[in-house]
Every structure is written in structure tokens, then in C-alpha cells.
Number of protein chains: 2
Amino acid sequence: MRMTRQRRIILDELRKTKDHPTADMLYQSVRRHLPRISLGTVYRNLEILAEAGMIRKLEFGGASRMRFDATVSRHSHIRCVACGRIDDFPLDPDLNPEEYTAGINGYEVLGYNLEFYGRCPACKAKVK
Amino acid sequence: MRMTRQRRIILDELRKTKDHPTADMLYQSVRRHLPRISLGTVYRNLEILAEAGMIRKLEFGGASRMRFDATVSRHSHIRCVACGRIDDFPLDPDLNPEEYTAGINGYEVLGYNLEFYGRCPACKAKVK
DNA sequence: AAAATAATAGTAATGATTACTATTACTGAA
DNA sequence: TTCAGTAATAGTAATCATTACTATTATTTT
């Protein structure tokens, strides 16, 4: 993977912020450095950086648009149902979700979603 | 809310299946009973039924399309990363997510997403 | 039954994302 | 260093799920 000027600046801009921007938000801030960059380049590079494990792609339930996160270490998110803001917070693997409900980052916690992913019996058999 | 023929059949078709269909999948099966129904009607009614708490809307991370679930009681989901299949499974509020990893429904469990939602400090202050 | 209201079918619009294409910028071997 | 090969880009068009719109139809209320 070539670290092009465009790719470098996209990564830098993402790392500068803590607010899990959408592709378009990043496009706006990257344009201040590279006025001729195209939105497609931003999307493509975010995809490539995510595949390389350098950033994370968040497809947050309830939000239509994809969001991106430069923090790749394990952590969780809390989203404000009123304004859509998303904050990081540390995930404690020894806690069950119910035990977090006493105020995360000053939020009033309303609930959580816990979804698992894996390989179903049929696909497990197929690949192996 | 009027329980129109269309709305009734959409609800019935959703209740018949366990595989969390998309709006379009439901549209296909409802059309077998109402050949002239429109996709917009399916979307609108799914929205109305979800608001009434009669069904649940799943916006599963990693899946682009919305999915619908006639089971409104508390439960969780596991998605196959290979084929996209989504299965239900019971959520135990006393377990932390790590403790589920010993095979859910015959799945090979690869991981989980835990996301919280609530009201952020700013919005909490605003509304009250 | 007439008036008021809600829902529908069909179609058009929206908006995020992806695909395409000609051009440009690297890379690495001769 | 040069030049052939390859990757990446800008700009634009296409895709596709969802939502909005509108004239018409169905249901409820008075």
C-alpha cells in the first residue's frame, strides 16, 4: 500500500478528531489541505485503511451513515439519541452490560445493543 | 391506527418467519397475497408498526439494509459474517459478553459489538 | 349519506456509497 | 535515469435503499 499524500492527510485528519466523523465530514476537512481531492478518493482510502487495520469503520445501529474512528484499540461507544453525537468509552470485559448504566461520560444511559457475529453452522461446515 | 388489510398481512408475513427479512423480502412475500401492494406501503407500515411497538427494526452493524423482527421481547442476535444470516438468541442480563463465546446456536462466535445509547450531557441539560 | 380523515398505489426524488474511466504519479528493474 | 508497469487519483455517472409526493380509494364520524 502506497502512503500517498491523500491517504496520509485523510488519516491525519481522522486522528485529529474524537468525534467519529462521516466520510463527508472528513472530505470537508481534508479539502482544506487538498482542495482538489474527490469524495470518491476519501471513501476508497477509508476502506483501504480499515482493511489494513489502521482505522475502524463504525456502522452504528440507528445511524444511516458510516462513521470512522482512528482509535483501533478495543473500546466501546455511546451515542446520544437526541443529537447523534458519539463518544468513546473504555470497555471492561469483566462487566456485564447492565452494570455500566451508572452514567457513562456524564450521559444518561438509556440502553444498549449487544450483537454477536460469527460463522453459522452451515458456513462453518462449508469452509473449514 | 387502522389495521388495514395491507398492514395486517405485512405483520402476519413478518410473524411467519424467523429470519429477520429486509423490507424488500417482505414486499415479495406480501405480494403473493396482495399483488398490487407497493413497496412504499410496506416501508410505511413497517415504520408505523415499529413505532407502535408491535415489531422491531434492526439496523445491524455491518449490514447495509434494515431488517425487521416480529419478536419484540428482549433478545439478542448473532449474524453470520459469511452468509449474512441473522439468528435470535436469549440475552442473559447477568452474563458479560465474553461469557457467551462458547457457541451460540451452533455458531462459531468470533466477537461482539456492544453499543450504548442515551442522552449526552448537553442534551440532558437542554430538555430536562 | 356527506364530510372528514387515513391509507394506498404508483411514481419521483433523495442521498450515501460504489463503479467507471481517462489521466497522473509512483516504483523498480535494465 | 529512463521507461515500462502498476497503483492511485479526480471527476463523473451509476446504483440502490429509503423517503417524499400526489391523486385516488377506503374507512370512520356526524
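Residue numbers start from 1 in every chain, and the chains themselves are labelled A, B, ... in the order their sequence lines are given, proteins ahead of strands.
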Nearest-Å distance for atom pair CG/P, residues L11(A) and dA8(D): 15 Å
Whole angstroms only, please: what is the CG-P distance between L46(B) and dT19(D)? 10 Å
Integer-rounded Å distance: dT18(D) P and R65(B) CZ: 7 Å
Parallel, tilted or perpendicular: which one describes the rings of F116(B) and Y112(A), with boundaries at 30° and 60°? tilted
Just by distance, with hydrogens left out, do R32(A) and S29(A) show a side-chain donor and acceptor under 3.5 Å apart? no
Indicate the atoms forming the closest heavy-atom contact of G106(B) with K124(A), along with that distance. O-NZ, 2.8 Å
Protein-proximity profile, nucleotides 1-8 of chain C, B/S/- by nucleotide at the 4.0 Å heavy-atom cutoff, equals ----BBSB
Could you check how far CE of M66(A) sits from P of dA17(D), rounded to whole Å? 14 Å
Quick one: do the D69(B) and H75(B) side chains pair a donor with an acceptor below 3.5 Å? yes
Of T22(A) and L39(B), the one whose closest DNA chain C nucleotide lies more 5': L39(B)
Length of the CG-P vector between D24(A) and dT18(C), whole Å: 14 Å
Which whole-number value in Å describes the distance from L34(A) CG to dG11(D) P? 11 Å
Kindly say whether the aromatic ring centers of Y107(A) and F89(A) come within a distance under 6.0 Å. no
Expressed as a whole number of angstroms, how long is the span from H33(A):NE2 to dA10(D):P? 15 Å
Tell me: CZ of R31(B) to C1' of dA9(C), nearest whole Å? 12 Å
Residue whose nearest DNA chain C nucleotide is more 5′ - Y43(A) or G40(B): G40(B)
May I ask you to check whether H77(A) and D88(A) show a side-chain donor-acceptor distance below 3.5 Å? yes
